[in-house]
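For reference, the structure is listed below as structure tokens.
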Amino acid sequence: MADDDYAELVLTVVERIPPGRVMSYGAIAEYLGRGGPRQVGAVMSHYGGGVPWHRVVAANGRLVPGHEQEALRRHRLEGTPLKSDKVDMRRAAWWPEDDPTPLDPSDARLP
DNA sequence: GCTATGACAGCTC
DNA sequence: CGAGCTGCCATAG
């Protein structure tokens, strides 16, 4: 299989991530069912332009290395649940199957 | 074919 | 909450 196809798959998934939500490298790799977090990261580093790369974070909520300020700024604008300089994965984690459900009504975000 | 590397993940201290 | 280690997957030298 062409690695380019893999890259496009990754980028496609990233584009589907709604504002205010994020997906971890591992989640994307798991969703695609192939490769691993490192592979997803490699694709993002090379073909990450043109997609909401800031919505792709590490499993622990760590923002993209080298672009933390930029990503953080965008997340603030989108209203992504943040935890200091990290993303609150507990609330921001998103999955393709999960529909456009923003956030659980009963779990309204707390400051 | 082995070693080094990397936008990672999970665990332990 | 930071620092260190091990595990995983693919690519490059």
Side-chain angles (χ1 to χ4, degrees):
Chain A
M1 13 209 199
D3 38 311
D4 278 354
D5 291 343
Y6 181 72
E8 288 215 25
L9 285 173
V10 173
L11 296 177
T12 301
V13 175
V14 175
E15 281 201 26
R16 282 185 63 191
I17 304 175
R21 291 318 241 343
V22 299
M23 232 176 137
S24 67
Y25 300 92
I28 296 174
E30 196 174 324
Y31 175 70
L32 293 178
R34 83 173 85 163
R38 318 301 302 265
Q39 279 48 265
V40 175
V43 171
M44 290 304 290
S45 64
H46 190 75
Y47 304 89
V51 297
W53 50 269
H54 60 283
R55 291 180 195 150
V56 182
V57 301
N60 60 348
R62 186 77 181 77
L63 294 171
V64 177
H67 301 277
E68 297 176 305
Q69 268 304 307
E70 191 60 27
L72 190 59
R73 188 179 70 78
R74 293 193 181 193
H75 280 308
R76 286 189 184 286
L77 289 175
E78 294 181 1
T80 307
L82 296 173
K83 192 71 170 177
S84 188
D85 60 331
K86 286 184 179 12
V87 175
D88 189 345
M89 295 302 285
R90 186 170 71 80
R91 296 186 282 172
W94 181 80
W95 194 263
E97 289 183 357
D98 268 351
D99 60 82
T101 301
L103 293 170
D104 283 12
S106 55
D107 195 347
R109 38 111 187 255
L110 303 167

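Small disclaimer: the values here were computed from a predicted structure and weren't measured. Numbers restart at 1 for each chain; the letters A, B, ... are given by sequence-line order, proteins then strands. Computed over heavy atoms, backbone and side chain alike; hydrogens, waters and symmetry mates excluded.
For A:R38, whose side chain is taken as the heavy atoms from C-beta onward, the closest listed nucleotide among C:dC8, B:dA9, B:dA7 is C:dC8.
If you measure from atom CD of A:E70 to atom P of B:dA7, you get 19 Å, rounded to the nearest angstrom. Rounded to whole Å, the distance from CD1 on A:I28 to P on C:dC8 is 21 Å. Straight-line distance from the OH atom of A:Y25 to the P atom of C:dA10: 18 Å, rounded to whole Å. Rounded to whole Å, the distance from CD1 on A:I17 to C1' on B:dA7 is 13 Å. Atoms NE2 (A:H75) and C1' (B:dA7) sit 13 Å apart, rounded to a whole Å. Per the geometry, NE2 belonging to A:H46 stands 19 Å off C1' belonging to B:dC8, to the nearest Å. Rounded to a whole Å, the NZ atom of A:K83 is 7 Å from the P atom of C:dC1. With rounding to whole Å, A:D5 atom CG is found 15 Å from C:dA10 atom P.
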Under the criterion ring-ring contact (aromatic ring centres under 6.0 Å, His included), I'd like the reasoning laid out for A:H67 against A:H54: C-alpha separation, chi angles, the key distance, then a yes or no. CA-CA 8 Å; A:H67 301 277; A:H54 60 283; over 10 Å; no
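Here the straight-line distance linking atom CG of A:D85 with atom CD of A:Q69 works out to 9.5 Å at 0.5 Å rounding.
A salt bridge links A:R55 with A:E78; the closest basic N to acidic carboxylate O contact falls under 4.0 Å. The existence of a salt bridge linking A:E70 and A:R74 is confirmed by a sub-4.0 Å separation between a basic side-chain nitrogen and an acidic carboxylate oxygen.
For A:Q39 and A:A59, each mapped to the nucleotide of DNA chain B holding its nearest heavy atom, the one lying further toward the 5' end belongs to A:Q39.
Nucleotides C:dG13 and B:dA7 are separated by 16 Å at their P atoms, to the nearest Å.
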